[in-house]
Amino acid sequence: MIRTDWTKEEIATIYHRPLLDLVFDAATIHRNNNDYSEVQISSLISIKTGGCPEDCAYCPQAARYNTGVNVHKMMKTEEVIAAAQAAKDGGSSRLCMGAAWREVRDNRDFDTVLEMVKAVNSMDMEVCCTLGMLNYEQAKKLKEAGLFAYNHNIDTSEEHYKNIISTRQYDDRLKTIENARKANLTVCSGGIVGLGETEADRIGMLHLLATMPKHPESVPINALVPVKGTPLENQERVSIWEMLRMIATARIVMPKTVVRLSAGRLEMSIPEQALCFMAGANSIFAGDKLLTTPNPGFNEDMQMFELLGLKARKAFKGTEREVREERVEI
Ligand code: SAM
Ligand code: DTB
Ligand code: SF4
């Protein structure tokens, strides 16, 4: 049963269970609700890099921090198509285009994004965008262009948010998610572990996601990648046990959501990642780069899948547009 009426106390009780009981229960729920041998593969592409006016304390793309990230203006549509093809050839079913923007503006760059969305959608890939805040009209335009998902992370709990970002409010984030929902886009929203938050903050974040009127279709769980020059550069890396608790709890409270083991995989061994898949993670970002930081390459991940008996999920699974393996060529 899908519940959206979880209390914080219930989620805290789940989160604090003995670790192996938690993983066992999450694995059971995962097997009862999803094809556990399937992992959805997304690839990221940074269509506009760096120079962002926001002050997100974790982010290498904020203009105010000296992180060595090269500012790059909008990519060309042809470049994005080539990157999408490479991602598809590597096994990805989804391309997520990220822009270092505070918000979407109605200008030529947005028109270019709409063109990119159209082009990638016609390649039988799920298209996702993460462009910062947007209004309902903009969300509708993206939907009309063929956008499948919008990513907009809540990052952490409402209480901890103001320690991490001062240039926008938590409510602004929620409003954008609502706009994406209203426009019939699927929602991808999650957060980061390792921002100096307490366990209560982590539980608060999961509570907010699990009590949305409709659960996000995807929930990325990122481990902070501490980047030199950002205020969080010296933050201690999160342990596998913390990631595991987050993933397992997310799986239990949102049984059918795609839970993505996101940033931070480069630091994780295969046995560690295997535990996360066991506990209900069923998506990754693949390809040797996230937005600006490195990630395991396609070949490494394919070897891991082979070893663990996992397979890549087809694009548009469960929708009318499901992409079949044997396509009839005319
Ligand atoms: N500018 C848009 C926004 O903020 O929504 C889109 C791009 S932004 C880079 C997308 C997400 O990446 C952030 O919400 C955050 O969760 C994640 N992120 C950024 N830097 C990260 C880091 N160093 N480690 C882990 N996740 C990070
Ligand atoms: C998400 O939750 N994680 C991705 C994607 N959504 C946009 C971004 C991770 C970024 C890690 C830091 C970087 O590479 O710049
Ligand atoms: Fe800008 Fe997004 Fe980075 Fe925040 S997370 S600084 S909004 S690119």
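In each ligand, atom 1 is the first atom listed, and ligand 1 is the first ligand listed. These numbers were taken from a predicted model, which means no experiment stands behind them.
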Does any N, O or S atom of C56, backbone or side chain, fall under 2.8 Å from atom 1 (Fe) of ligand 3? no
Pull out every atom of ligand 1 sitting under 4.0 Å from any heavy atom of A223, numbered as shown with elements. 25 (C)
Under 4.0 Å from a heavy atom of P220: which atoms of ligand 2 are those, numbered in the order shown and with their elements? 2 (O)
Within-cut-off N or O pair, T293 and ligand 2, under 3.5 Å: yes
Tell me whether E300 contacts the main-chain N or O of P296 through its side chain, where contact means a donor paired with an acceptor under 3.5 Å. no
May I ask you to say whether K311 pairs ionically with D35, meaning some side-chain N is under 4.0 Å from a carboxylate O? yes
What protein heavy atom lies closest to atom 16 (O) of ligand 1? Include the residue and the distance to one decimal. D155 OD1, 2.7 Å
Counting from 1 in the order shown, the ligand 2 atoms closer than 4.0 Å to a non-hydrogen atom of P60 are 15 (O)
Among all protein heavy atoms, pick the one closest to atom 12 (O) of ligand 1 and tell me residue, atom and distance. N153 ND2, 4.5 Å
Considering the heavy atoms of A100, write down every atom of ligand 3 situated less than 4.0 Å from one of them. 8 (S)
Hey, is atom 1 (Fe) of ligand 3 under 4.0 Å from any protein heavy atom? yes
Per-atom filter on ligand 2: closer than 4.0 angstrom to a heavy atom of T292 are 13 (C), 14 (O), 15 (O)
Could you tell me, atom by atom, which parts of ligand 2 come under 4.0 Å of a heavy atom of T130? 7 (C)
Closer than 4.0 Å to some heavy atom of C52 - which atoms of ligand 3 meet that? 1 (Fe), 6 (S), 7 (S), 8 (S)
C96 to ligand 2: N or O pair under 3.5 Å? no
Considering both backbone and side-chain atoms of N151, is one of its nitrogen or oxygen atoms within less than 3.5 Å of a nitrogen or oxygen in ligand 1? no
Check whether T230 reaches the backbone of C59 with its side chain - one donor and one acceptor, N or O, closer than 3.5 Å. no
Under 4.0 Å, heavy atoms only, figure out whether ligand 3 is touched by the backbone of R168, its side chain, both or neither. side chain
Which residue holds the protein heavy atom closest to atom 26 (N) of ligand 1, what is that atom called, and what is the gap in Å? I192 CD1, 3.5 Å
Between ligand 1 and G132, can you find any atom pair, the residue atom being a heavy atom, that is separated by under 4.0 Å? yes
Residue Y58 vicinity, atoms of ligand 3 by number, heavy atom under 4.0 Å: 5 (S)
Say whether R173, considering both its backbone and side-chain N or O atoms, lies within less than 3.5 Å of an N or O atom on ligand 1. yes
Any donor and acceptor pair, going by atom type alone, linking the side chain of Y150 with main-chain N or O of T176 inside 3.5 Å? no
Pull out every atom of ligand 2 sitting under 4.0 Å from any heavy atom of L44, numbered as shown with elements. 4 (C), 5 (C), 7 (C)
Atoms in ligand 3 with a heavy atom of E54 nearer than 4.0 Å: 1 (Fe), 4 (Fe), 6 (S), 7 (S)
Heavy-atom contacts under 4.0 Å between N151 and ligand 2: side chain, backbone, both, or neither? side chain
Numbered atoms of ligand 1 (with element) below 4.0 Å of L291, judged on heavy atoms: 9 (C)
Please report whether ligand 1 has a polar contact with V225, defined as an N or O pair separated by less than 3.5 Å (distance criterion only). yes
Ignoring hydrogens and geometry, is there a side-chain-to-backbone donor-acceptor pair from Q235 to L232 under 3.5 Å? no
When only distance counts, is Y58 in polar contact with ligand 1, meaning an N/O pair under 3.5 Å? yes
Does any N or O of ligand 2 fall below 3.5 Å from an N or O anywhere on Q61, backbone included? no
For ligand 1, which is the ligand I care about here, please tell me if A99 has any N or O atom under 3.5 Å from one of the ligand's N or O atoms. yes
